[in-house]
Amino acid sequence: MRSRMVGDLDREDVGRQETLAGWVHRRRDLGGLLFVDLRDRSGLVQVSVGPDWTEAASLELAHRLGAEDVVRVTGEVCLRPEDARNPDLPTGEVEFRVRELELLNGAVTPVIPVYRGPEDELPAEELRLRHRNLDLRRFELQENLALRHSLILTTRNYFDRLGFLEVETPILTKPTPEGARDYLVPSRVHSGEFYALPQSPQIYKQILMASGFDRYMQIARCFRDEDLRADRQPEFTQIDLEAAFVSAEDILEWIEGLMAALAPVAGIEATPPFMRMSWTEAMDRFGSDRPDLRWELEVEDWTEVLGSADSNILKGAVAKGGRIRGFRIPDGASLSRREIEEIEGSARAAGAPGLLWAKRTDDGGSGPLSRWLEEGHWDALDAREGDLLLAAAGPDRVTSPALSATRSAVIGAMELARVRDHAWLWVLDFPLFEEEDGKVWANHHPFVLPHPEDVHRLGEDPLSVRGIAYDLVYNGSELGSGSLRIHDPALQRRVLGILGLDDQEIDRKFGFLLEALASGAPPHGGIALGMDRMVKDFLGVPSLRDVIAFPKTTAARALFEGAPAPVDSEDLRELRLRIEPRSSGTDRGDDG
RNA sequence: GGGGCUGUAGCUCAGUUGGUUAGAGUGCCGGUCUGUCACACCGGAGGUCGCGGGUUCGAGUCCCGUCAGCCCCGCCA
């Protein structure tokens, strides 16, 4: 139907007879002469239509073409007149002189334009999602999805060479009691019972390990029924892997190798080995378990210096076992009071009651913190004239998130220079559990192998137990998370018990996993990388919606096809389901 | 579940203190035009001011509710 794509036509092709096909991107009708920018997936070429080289019927048809009409043209690649070349277009030295034009399919006037002028804004995102067929024709989205394809292909080849097998795991699975809300699918055959869509293939891949597939990988679709964000979609794709007879070191090296293989595809840099720090160190130095190491700014511990200052806030925080931590910002005194208040606002939004700040000036200091500072304090904190101190006092669980938010805000406000453009980091040894409302939760998931040095504390002090777990962080974004897993059924039962499950529940909910572990499961571990987020971060685009062909809105709707949608009562009857009206008030709180 | 921003022509936006017939650019339709590439020029059509209610002599503008999109908090093992 066509002899080649348009995007790489250049002076080498001059004189060639070709047949091209694509969309009418834009039309410039000069009356006697007419130019059409013809678009296919590879790019644009100018097609020229004129009485000297175009057949009469085609000439007449060309004047009636509209945007997004689908056409096929036959003719010759010609060098453009010297004063009519377009250096901004890759194919701008040549044009395609049409002998014959054929309309393959007409297009109604597009609701949102595919063509975009140099100063045109993108249409509203709602319209772009509602008319995704048109939006996807834009070069940006075509390129994003092409990169995504290349990354997936490279990933599969990489793991294939390492002897990994891609194994598909079920989409209709068993509801899991912990973690995110499941998407549920009613069973017709077994009315009243439900499948769940997988939040991840976690348990299946562990069972594959017990089944002897000692190197598994999958480009796996996962589903979580939770509220959305710019970097969270209800269905998403993971590069999921698991291997038996491995140490954490093996997995880290594999993933570093994968990133080194993907980086040139994405046009970024990844040079193993990556930096590493423990979770404790990351929280201590940056207040975050996924610090963005493109900037050097670090949290300092001022408890010793400022703990004795005559301030109830500072003294009180230390007396309750908290710390005074903060940032010393060289030349930060140049920030206005208003800018500092905005930084403080970020800290408040992250849950801190506020920030204490002080500028060191030529006549002493200014700011709320400075009244507590004596002459020696400045020097002890290494603060010079023109510096700004920002401090938070209290327990780490409150100050760490606040300081992390402060750090980002300061980097923005001071326009601090990056020390590197691509910051790769492993964060290691996450705590196995966290406490919330007096209840113990699995920090990651309940299958993480406790650190052998800590396992004896499972009984008396579970919160202090580290897991053999690792997160991959790129430019402050968590790309992936993994761990060695528990392969001893007794230990697995014990950990589930710490999470508050009794033996009966454990058997009912995780019996099939325990059975697999008891059948001779090898030591194993793995990791899962967020594919969508990886593409987004590699491209530096602001939203996951720019790297997913058919994304959902923040209300989890698909605007193009209109999902979710009501179903016929006939379908519901077959499932023996009934919809309760919204206004019935039975949703919650009936009995108190 | 909560907070914030946005919603005016197909699209991108302007619209003053509540006051005559709601505007611009682009797209669309018709016309002129043989070297344009945001073609140029002439003419024209095009509006449920998201939706519902209220205040007012009078509402795009003020108030209440609601819907949708986006951002954030909660949530996301």
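Values in this document were obtained by computation on a predicted structure and should not be read as measured data. Here is how names work: the chains are called A, B, and so on, in the same order as the sequence lines, proteins then strands, and each is numbered from 1.
Using a 4.0 Å heavy-atom distance criterion, D227(A) is classed as a base contact. Looking at heavy-atom distances under 4.0 Å, L559(A) makes contact with sugar-phosphate atoms alone, never a base. Residue S200(A) is in base contact, counting any heavy-atom pair closer than 4.0 Å across all strands shown. Across all strands, Q233(A) comes closer than 4.0 Å to no nucleic acid atom at all (heavy-atom distances). Heavy atoms of R545(A) sit under 4.0 angstrom from primed sugar atoms or phosphate atoms, though from no base atom. Looking at heavy-atom distances under 4.0 Å, A349(A) makes no contact with the nucleic acid at all. Residue-level contact check: P110(A) touches neither bases nor backbone, having no heavy atom under 4.0 Å from any strand. Note on N443(A): only backbone sugar-phosphate atoms sit closer than 4.0 angstrom, heavy atoms only; bases stay farther off. Using a 4.0 Å heavy-atom distance criterion, P123(A) is classed as a sugar-phosphate-only contact. Residue G117(A) is out of contact with every strand shown, counting any heavy-atom pair closer than 4.0 Å. Within 4.0 Å of R533(A), counting heavy atoms only, lies no atom of the nucleic acid at all. Nucleic acid contact class of Y115(A) (heavy atoms, under 4.0 Å, all strands): sugar-phosphate only. Among the heavy atoms of the strands lying under 4.0 Å from Q46(A) is at least one base atom, whether or not backbone atoms are also near. Looking at heavy-atom distances under 4.0 Å, L34(A) makes no contact with the nucleic acid at all.
Among rU12(B), rC39(B), rU34(B), the nucleotide with an atom closest to any side-chain atom of R28(A) is rC39(B). In this structure, of rG69(B), rC71(B), rG74(B), it is rG74(B) that holds the atom nearest to the side chain of R229(A). Comparing rA38(B), rU34(B), rC71(B) against the side chain of R26(A) picks out rA38(B) as the nearest. Nearest to the side-chain atoms of R80(A) among the listed nucleotides rG69(B), rG35(B), rC37(B) stands rC37(B). Of the listed nucleotides (rG35(B), rC75(B), rA68(B)), rG35(B) has the atom at the smallest distance from the side chain of F35(A). Among the nucleotides rC11(B), rC76(B), rG74(B), the one closest to the side chain of R224(A) is rC76(B). Comparing rC37(B), rC11(B), rC75(B) against the side chain of L127(A) picks out rC11(B) as the nearest. For T553(A), whose side chain is taken as the heavy atoms from C-beta onward, the closest listed nucleotide among rG27(B), rU12(B), rG69(B) is rG69(B). The side chain of A84(A) approaches rG35(B) more closely than any other nucleotide in the set rG35(B), rC28(B), rG74(B). Picking from rC37(B), rC11(B), rG69(B) the nucleotide with the shortest atom distance to the side chain of E126(A) gives rG69(B).
With respect to L101(A), the side-chain contact (heavy atoms from CB on, under 4.5 Å) criterion is satisfied by exactly one of V36(A), V47(A), L65(A): L65(A). Only one option out of R128(A), R533(A), K536(A) pairs with D546(A) in a salt bridge (Lys or Arg N to Asp or Glu O under 4.0 Å); it is R128(A).
Here the C1' atom of nucleotide rG69(B) and the CG atom of L122(A) are 15 Å apart, to the nearest Å. Atoms CD1 (I112(A)) and P (rC28(B)) sit 15 Å apart, rounded to a whole Å. One interatomic measurement links the two molecules: CD of E226(A) to C1' of rG1(B), which rounds to 12 Å at whole-angstrom precision. The distance from atom CZ of R27(A) to atom C1' of rC28(B) is 12 Å, rounded to the nearest whole Å. Going from atom CG of D120(A) over to atom C1' of rG27(B) covers 10 Å, rounded to whole Å.
Counting distance only, with no hydrogens placed and no angle test, the side-chain atoms of R97(A) and the base atoms of rG35(B) include a donor-acceptor pair under 3.5 Å.
Comparing rU8(B) with rU34(B), their C1' atoms are spaced 42 Å from each other, to the whole Å. Separation of the C1' atoms belonging to rG35(B) and rA45(B) is 32 Å when rounded to the nearest angstrom.
Within a 6.0 Å radius of CH2 in W23(A), other residues, nucleotides and ligands contribute 12 heavy atoms or fewer.
Contact check, T554(A) against rC70(B): a side-chain N or O comes under 4.0 Å of OP1 or OP2.
Salt bridge present: R39(A) and E68(A) bring a charged side-chain N and a carboxylate O closer than 4.0 Å.
Positionally, the nearest nucleotide of RNA chain B for E95(A) lies more toward the 5' end than for the other of E95(A) and D88(A).
Cation-pi geometry between R132(A) and F560(A) is not met at under 6.0 angstrom from the ring centre and within 45 degrees of the axis.
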